[in-house]
Amino acid sequence: MIAILVIFGYLGLIFLISRVTARRSSNEAFFRGERRSPWYMVAWGMIGASISGVTFVSVPGMVLWQDMTYMQTCLGFILGYLAVAFVLLPVYYRLNLTTIYSFLGQRLGRDAYKTGAAFFLLSKMTGAAARFYVVCLIVRQMLGVPFAPTVVAMVALIWLYTRRGGIKTLVWTDGLQTACMFGALALIIYKVMGELDLSVGEAVRAIAADSHSRMFVWDDWVSRQNCWKQFLSGVFIVIVMTGLDQDMMQKNLTCRNLRDAQKDMCSYGLAFVPANLLFLSLGILLTMLAAKQGVPLPSSGDELLPMFAATGALGQGVVVLFLLGMVAASFSSADSALTALTTSYCVDIRERPDDETLRRRVHIGMAVVFTVVILLFGMVNSTSVIDAIYVMCGYTYGPLLGLFAFALLTRKNNTQHPTPNTRLVPYIAVASPIICLMIDNATRHFLGYQFGYELLMLNGLLTFVGLWMISQKNQSISSSAS
């Protein structure tokens with residue numbers, strides 16, 4: 001009952017913020033926040049928006065099988081955010097874009113524009129639904145309510161507070177959700193330290209001395225945890241899944257000017273290192289608590305935090321905090337995904353950015369489709385299927401990397417680097433992930449080499465090479481015709 005009351009109080013604050021920010025709402029406010037968002041609020045809210053409910057649960061458990069080597073990827077994030085701030089944002093602001101895929105249309109043509117938007121819609125809908133599905137399962141188990149009504153109610157709540165203000169509302173609600181998430185995380189860490197009879201200084205020293213505190217792997221080039229592989233992967237993960245993702249970039253494009261957007265990007269990019277360090281430190285503290293209590297560690301890392309926080313083992317207060325933090329993290333990622341999907345469909349697919357009636361209908365439609373996809377995951381009820389969805393989303397971001405890299409690194413109307421035959425662009429974008437999958441299977445079977453996050457770079461490279469090849473063919477045809 002206390003948990004339910006806390007969640008209702010939290011939702012009440014969200015709806016109050018929504019009511020205040022959605023006054024005199026319009027498509028300009030829904031899509032771009034009227035370009036008046038304070039950069040510091042965008043930066044603070046983006047931290048929560050980038051950490052989903054699944055991340056809230058999964059990152060502490062990473063220490064069970066890869067120690068703290070995830071920090072290698074987080075350090076790469078910093079360089080990735082700098083690249084987005086000083087390479088991509090200037091392009092987006094100079095062209096005054098509503099959606100970032102409009103850039104592909106201006107540079108590579110209509111087919112490339114539609115291809116980029118379609119890949120975003122596919123990957124964002126399935127990926128966001130898979131992450132939200134996992135959170136709905138945990139909420140159902142904790143509150144003892146049926147799965148389908150839980151999904152419908154949670155998606156309906158997100159639709160209600162985003163339906164008018166859109167991105168203008170999310171800049172402020174995500175700030176509240178980030179505060180709730182980190183407040184819950186800090187209090188859970190404090191409670192675990194109390195159970196271990198550790199002060200802050202003693203906890204820091206204990207974490208540093210623990211065998212799971214290893215951060216860097218320099219000697220094993222085959223390992224997926226090799227430092228340089230993880231670092232470079234972190235750079236490209238941010239470039240693709242933030243800089244080339246309408247969901248992540250839409251709030252950044254609501255800042256008053258480019259300079260504010262760059263301050264926002266650099267600020268929350270740096271904040272990811274201490275944020276993830278806190279999550280991983282909590283994971284090590286939980287392994288210590290399990291050893292002290294003689295509790296066997298779970299077989300899956302995702303079960304480590306719920307094993308203590310969701311079962312009442314740390315007290316009912318921690319159950320409430322865990323539920324609040326997880327709901328805040330999941331809402332802040334799902335609400336921005338729903339808004340970005342609506343924006344991209346209206347602007348990129350239908351090309352009617354000023355039609356408010358269309359925007360309202362599409363927003364309802366996206367919420368319905370989002371709900372249906374989550375319920376389908378519930379019907380399948382297979383962890384392997386969800387894992388496959390995540391893998392598929394990783395592959396579908398590769399073509400976006402190749403498309404944007406080609407558009408940025410080659411110049412239009414240059415005889416050496418002409419625009420590709422746009423009719424072939426969709427085929428290149430579909431073929432690249434398939435070839436990438438074949439290479440991954442072959443190297444694993446014949447060479448024993450297992451690709452990690454670097455598959456994203458390979459995927460983008462294949463798309464880039466394919467675009468280059470059809471550009472050369474297009475140039476030859478043009479030269480012959482002249």
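Small disclaimer: the values here were computed from a predicted structure and weren't measured.
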Open item on the list: Between Phe120 and Asp245, is the side-chain contact (heavy atoms from CB on, under 4.5 Å) condition met? List the steps.
Closed with: CA-CA 7 Å; Phe120 164 73; Asp245 187 295; 3.5 Å; yes

Open item on the list: With side-chain contact (heavy atoms from CB on, under 4.5 Å) as the criterion, how do Gln316 and Val320 come out once you've worked through the C-alpha distance, each side chain's angles and the decisive distance to 0.1 Å?
Closed with: CA-CA 6 Å; Gln316 294 305 311; Val320 175; 5.7 Å; no

TODO: Just do the side-chain contact (heavy atoms from CB on, under 4.5 Å) check on Met438 and Ile434 with the steps written out, would you?
DONE: CA-CA 6 Å; Met438 295 169 62; Ile434 296 174; 4.3 Å; yes

Open item on the list: For a side-chain contact (heavy atoms from CB on, under 4.5 Å) check, start with the C-alpha distance between Met215 and Asp67, then their side-chain angles and the critical distance, and finish with the verdict.
Closed with: CA-CA 7 Å; Met215 286 190 187; Asp67 300 330; over 6 Å; no

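Side-chain atoms of Glu356 and Ser26, non-hydrogen and from C-beta on, do get closer than 4.5 Å to each other. Between Thr169 and Thr339, every side-chain heavy-atom pair lies at or beyond the 4.5 Å cut-off. Side-chain contact between Leu75 and Gln72 is absent, with no heavy atoms from C-beta onward closer than 4.5 Å. Inter-residue side-chain proximity for Leu314 and Leu289 is flagged as met; some heavy-atom pair is nearer than 4.5 Å. Within the 4.5 Å cutoff, no side-chain heavy atoms of Gln246 are placed close to those of Lys124. Two residues are said to be in side-chain contact when any heavy atoms from C-beta on lie closer than 4.5 Å; Met62 and Leu280 meet this criterion. Counting only heavy atoms from C-beta outward, the side chains of Met249 and Leu89 approach each other to under 4.5 Å. At least one side-chain heavy atom of Val155 sits under 4.5 Å from a side-chain heavy atom of Phe132.
Across Ile7, Val318, Ile138, a single residue satisfies side-chain contact (heavy atoms from CB on, under 4.5 Å) together with Leu323, and that is Ile7. When the options Leu11, Asp174, Val135, Thr173 are evaluated for a side-chain contact (heavy atoms from CB on, under 4.5 Å) with Phe331, the one that passes is Leu11.
For the atom pair CZ (Phe77) and CZ (Phe236), the distance works out to 13.5 Å, reported to the nearest 0.5 Å. Interatomic distance, CD1 of Ile14 versus CD of Gln177, reported as 4.0 Å (0.5 Å rounding).
Aromatic ring pairs are classed by plane angle as parallel below 30°, tilted from 30° to 60° and perpendicular above 60°; the pair Tyr133 and Phe147 is perpendicular. Using a 30° and 60° split on the angle between ring planes, Trp159 and His363 fall in the tilted class, from 30° to 60°. Ring planes of Tyr161 and Phe15: perpendicular class, angle over 60° (limits at 30 and 60°).
Nearest heavy atom pair, residue Asp355 against residue Leu358, reads OD1-N, 3.0 Å. In plain terms, the two heavy atoms of Pro399 and Phe119 that are nearest each other are CG-CE2, 3.7 Å. Residues Pro426 and Thr115 approach most closely at CG-OG1, 3.3 Å, considering heavy atoms. Looking at every heavy atom in both residues, Leu375 comes nearest to Ala148 through CD2-CA, 3.8 Å. Nearest heavy-atom pair, Leu305 versus Pro60, reported as atom, atom and distance to 0.1 Å: CD2-CG, 4.2 Å. Nearest heavy-atom pair, Ile167 versus Gly33, reported as atom, atom and distance to 0.1 Å: CG2-N, 3.3 Å.
Between the side chains of Thr162 and Asp335, not a single donor N or O lies within less than 3.5 Å of an accepting N or O. In summary, the side chains of Ser336 and Asp247 do present a donor paired with an acceptor at a separation below 3.5 Å, with no hydrogens or angles considered. Judged by distance alone, the side chains of Gln250 and Thr343 do bring a donor and an acceptor atom under 3.5 Å apart. There is no side-chain donor-acceptor pair under 3.5 Å between Asn459 and Tyr395.
Judged purely by atom type and a 3.5 angstrom limit, Ser332 uses its side chain to pair as donor or acceptor with the backbone of Ala329. The main-chain N or O of Ile349 is found under 3.5 Å from a side-chain atom of Lys114 such that the two form a donor-acceptor pair. One N or O on the side chain of Tyr101 and one on the backbone of Leu244 form a donor-acceptor pair closer than 3.5 Å. In this structure, the side chain of Ser344 does not engage the main chain of Ala340 through any donor-acceptor pair within 3.5 Å. A distance-only check finds no donor-acceptor pair linking the side chain of Thr242 to the backbone of Ile239 [under 3.5 Å]. The closest donor-acceptor contact from the side chain of Asn27 to the backbone of Pro353 lies under 3.5 Å. Not a single donor-acceptor pair under 3.5 Å links the side chain of Ser432 to the backbone N or O of Ala429. When atom types are taken as modelled, the side chain of Ser102 and the backbone of Leu97 share no donor-acceptor pair closer than 3.5 angstrom.
Pairs passing the salt bridge (charged side-chain N to carboxylate O under 4.0 Å, His left out) check and including a residue from residues 427-444, sequence neighbours excluded, read Asp440-Arg444.
Checked against the 6.0 Å centroid threshold, Tyr81 and Tyr268 count as a close aromatic pair.
Thr287 is linked by a side-chain hydrogen bond (donor to acceptor under 3.5 Å, both in side chains) to nothing, counting only residues two or more places apart in sequence or in another chain.
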